[in-house]
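Input: a single structure, listed below in structure tokens.
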There are 2 protein chains.
Amino acid sequence: MPTNYRATAEQLIRGTAQRVTNARIEVLATLLKADGAMSHGEIEAKLPRNSGIDRVTVYRVLDWLTTQNLAHKISGDDRVWRFNAATTAQSHQHAHFQCKCCARVICLDDFGTTTAPPLPAGYTSDEMDVTIKGLCADCAPGNPAHDASKHRHGLARRAGGLRR
Amino acid sequence: MPTNYRATAEQLIRGTAQRVTNARIEVLATLLKADGAMSHGEIEAKLPRNSGIDRVTVYRVLDWLTTQNLAHKISGDDRVWRFNAATTAQSHQHAHFQCKCCARVICLDDFGTTTAPPLPAGYTSDEMDVTIKGLCADCAPGNPAHDASKHRHGLARRAGGLRR
DNA sequence: GCATTTCGTGCAATGAAGTTGCGAGCGCGC
DNA sequence: GCGCGCTCGCAACTTCATTGCACGAAATGC
Ligand SMILES: [Mn+2]
Ligand SMILES: [Mn+2]
Ligand SMILES: [Zn+2]
Ligand SMILES: [Zn+2]
């Protein structure tokens with residue numbers, strides 16, 4: 001039997017000492033259940049039928065979860081924000097992978113070994129984003145399980161996708 | 001006296017053996033003149049008054065320049081594409097810097113020392129994006145020349161900006 | 001339990017960035 | 001110069017996301 005994601009989500013939200021609401025629980029539970037980062041649209045689609053949670057509320061909850069460090073926000077190459085539950089397992093700073101075919105985004109466990117290149121005089125930095133791009137296991141060439149239905153939202157179909 | 005960017009642009013475009021048009025020349029000249037990467041809106045604003053070049057044409061030209069490797073496309077954290085003229089000086093792969101205050105993007109000369117973290121089984125990668133974030137020289141705290149008018153398009157003012 | 005306060009939510013409107021379809025225009029090879 | 005085919009301008013459209021406002025529901029104090 002799978003973990004009770006709703007209960008876990010409620011625990012985490014209660015820990016913030018801010019208001020515990022159904023929308024916050026449902027959205028966080030959805031993120032906890034996911035294996036990769038989810039876009040707003042994907043999250044909305046996974047919410048329980050007739051939960052009555054509005055799209056705008058989902059946007060606001062995601063924003064709130066991010067400020068509470070219960071989720072983190074990833075900018076892909078398709079102008080879509082993606083989110084995932086922030087687990088303590090992964091280091092604060094870590095790289096991401098985005099599939100050029102299906103647009104799926106996953107968090108990697110850390111950076112590789114990385115030191116920033118030198119910046120121009122007067123510039124200061126405090127953060128680094130690393131995104132690896134390529135093909136995920138499902139989209140690997142020759143993969144028989146390569147299901148077209150999974151690729152509705154693929155970058156290849158999107159305006160200004162990953163081609164550079 | 002500054003370089004004649006229009007002439008340089010025309011040379012580069014003629015080199016592609018494709019059609020040399022005014023819109024292509026003007027857009028590329030604008031990119032050549034710029035010190036950092038430019039968004040579509042910034043480019044449009046810098047085009048000569050009454051050049052008569054349509055916004056859609058700018059989008060299409062930018063796309064074309066990218067396919068011709070005369071420009072390259074950068075995805076920032078504000079859902080806006082930025083472009084810069086591809087100089088042969090910079091290595092094909094290089095990191096970018098994005099200012100958290102004014103959203104300016106510049107290309108750095110290379111990556112630092114970076115090796116990708118391990119990917120899950122079945123995943124393959126062929127590309128890596130590195131974006132350093134922080135404050136540019138103009139936005140450095142205590143900079144007297146810190147001109148608010150430069151920050152109209154800053155990420156702090158944008159929805160879902162760089163805060164994470 | 002009940003009133004009060006404060007914050008969250010639903011709904012509708014709005015906004016920004018980018019894309020698409022199509023007829024007219026223009027570059028360039030002849 | 002002529003004609004073919006790529007390119008442009010214009011208008012409409014799409015997608016993702018944000019904002020304003022009135023209502024509703026958590027927490028807090030009693
Ligand atoms: Mn991540
Ligand atoms: Mn660059
Ligand atoms: Zn994939
Ligand atoms: Zn700046």
Side-chain angles (χ1 to χ4, degrees), chain A residues 10 13-28 37-45 47 50-68 73-83 103 152-163, chain B residues 10 13-28 37-45 47 50-68 73-83 103 152-163:
Chain A
E10 185 170 342
I13 292 166
R14 214 162 279 286
T16 66
Q18 300 219 51
R19 289 196 186 169
V20 178
T21 71
N22 183 53
R24 288 175 178 176
I25 294 171
E26 289 294 355
V27 171
L28 182 51
M38 299 180 80
S39 67
H40 171 274
E42 290 163 351
I43 293 166
E44 213 192 337
L47 290 175
N50 301 329
S51 70
I53 300 175
D54 189 77
R55 328 181 325 102
V56 176
T57 300
V58 176
Y59 278 114
R60 290 195 269 230
V61 166
L62 288 169
D63 216 37
W64 180 86
L65 289 171
T66 303
T67 67
Q68 300 299 315
K73 196 177 181 177
I74 308 163
S75 71
D77 257 12
D78 53 358
R79 302 183 10 98
V80 171
W81 294 113
R82 285 181 178 76
F83 298 83
R152 286 278 171 64
H153 303 289
L155 292 186
R157 289 181 46 99
R158 301 193 65 91
L162 278 180
R163 56 190 141 90
Chain B
E10 184 169 342
I13 292 166
R14 214 162 281 285
T16 66
Q18 299 220 47
R19 291 199 183 165
V20 179
T21 71
N22 182 54
R24 288 176 178 176
I25 294 171
E26 289 293 354
V27 171
L28 182 52
M38 299 180 80
S39 67
H40 171 273
E42 289 163 351
I43 293 165
E44 213 192 339
L47 290 176
N50 301 330
S51 71
I53 301 175
D54 189 76
R55 335 178 315 104
V56 176
T57 301
V58 176
Y59 278 113
R60 291 195 268 229
V61 166
L62 288 169
D63 217 36
W64 181 85
L65 288 170
T66 302
T67 66
Q68 300 299 314
K73 197 177 182 178
I74 307 162
S75 71
D77 256 12
D78 52 1
R79 305 183 5 102
V80 171
W81 293 112
R82 285 182 178 75
F83 298 83
R152 287 277 170 65
H153 302 290
L155 292 187
R157 289 181 46 98
R158 300 192 65 91
L162 278 181
R163 57 191 141 89

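Numbered from 1 within each chain, the chains take letters A, B, ... in sequence-line order.
The shortest distance between side-chain heavy atoms of W81(A) and S75(A) falls below 4.5 Å. Put simply, the side chain of I53(A) reaches to within 4.5 Å of the side chain of N22(A), judged on heavy atoms.
Residue contacts for G41(A): at a heavy-atom cut-off of 4.0 Å it reaches no nucleic acid atom on any strand shown.
Note: CG (L62(B)) to P (dA17(C)) measures 14 Å, nearest angstrom. Distance E42(B) CD to dA17(C) P: 10 Å, rounded to the nearest Å. The interatomic distance linking E26(B) (CD) with dG9(D) (P) rounds to 12 Å, in whole Å. With rounding to whole Å, D78(B) atom CG is found 17 Å from dC16(D) atom P. Rounded to whole Å, the distance from NE2 on H40(B) to C1' on dT19(C) is 11 Å. Atom CZ of R24(A) is separated from atom C1' of dT9(C) by 10 Å (rounded to the nearest Å). As rounded to whole Å, 9 Å separates atom P of dC16(D) from atom CZ of R55(A). Whole-Å rounding puts the D54(A) CG to dT19(D) P distance at 16 Å.
In this structure, the nucleotide among dC10(D), dA17(D), dG10(C) sitting nearest to the side chain of I53(A) is dG10(C).
Distance alone, capped at 3.5 Å, places no donor-acceptor pair between the R55(B) side chain and the H40(B) backbone.
Taking OG1 of T67(B) as the reference point, atom CG of L62(B) lies at 11.0 Å (rounded to 0.5 Å). Within the model, atoms NZ of K73(B) and CG of L65(B) stand 12.0 Å from one another, a figure rounded to the nearest 0.5 Å.
If you check distances only, the side chain of R79(B) never reaches the base of dA16(C) with a donor-acceptor pair under 3.5 Å.
Between I74(A) and A37(A) the shortest heavy-atom distance is CD1-CB, 3.7 Å.
Between Y59(A) and dA17(D) there is a side-chain N or O to OP1 or OP2 distance below 4.0 Å.
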Between V61(B) and F83(B), does the side-chain contact (heavy atoms from CB on, under 4.5 Å) criterion hold? Intermediate values first, please. CA-CA 11 Å; V61(B) 166; F83(B) 298 83; over 6 Å; no

Within the 4.0 Å limit for protein heavy atoms, which parts of nucleotides 21-30 of chain C are touched? Write it as a string from 5' to 3', B for base, S for sugar-phosphate only, - for none. B-----BS--

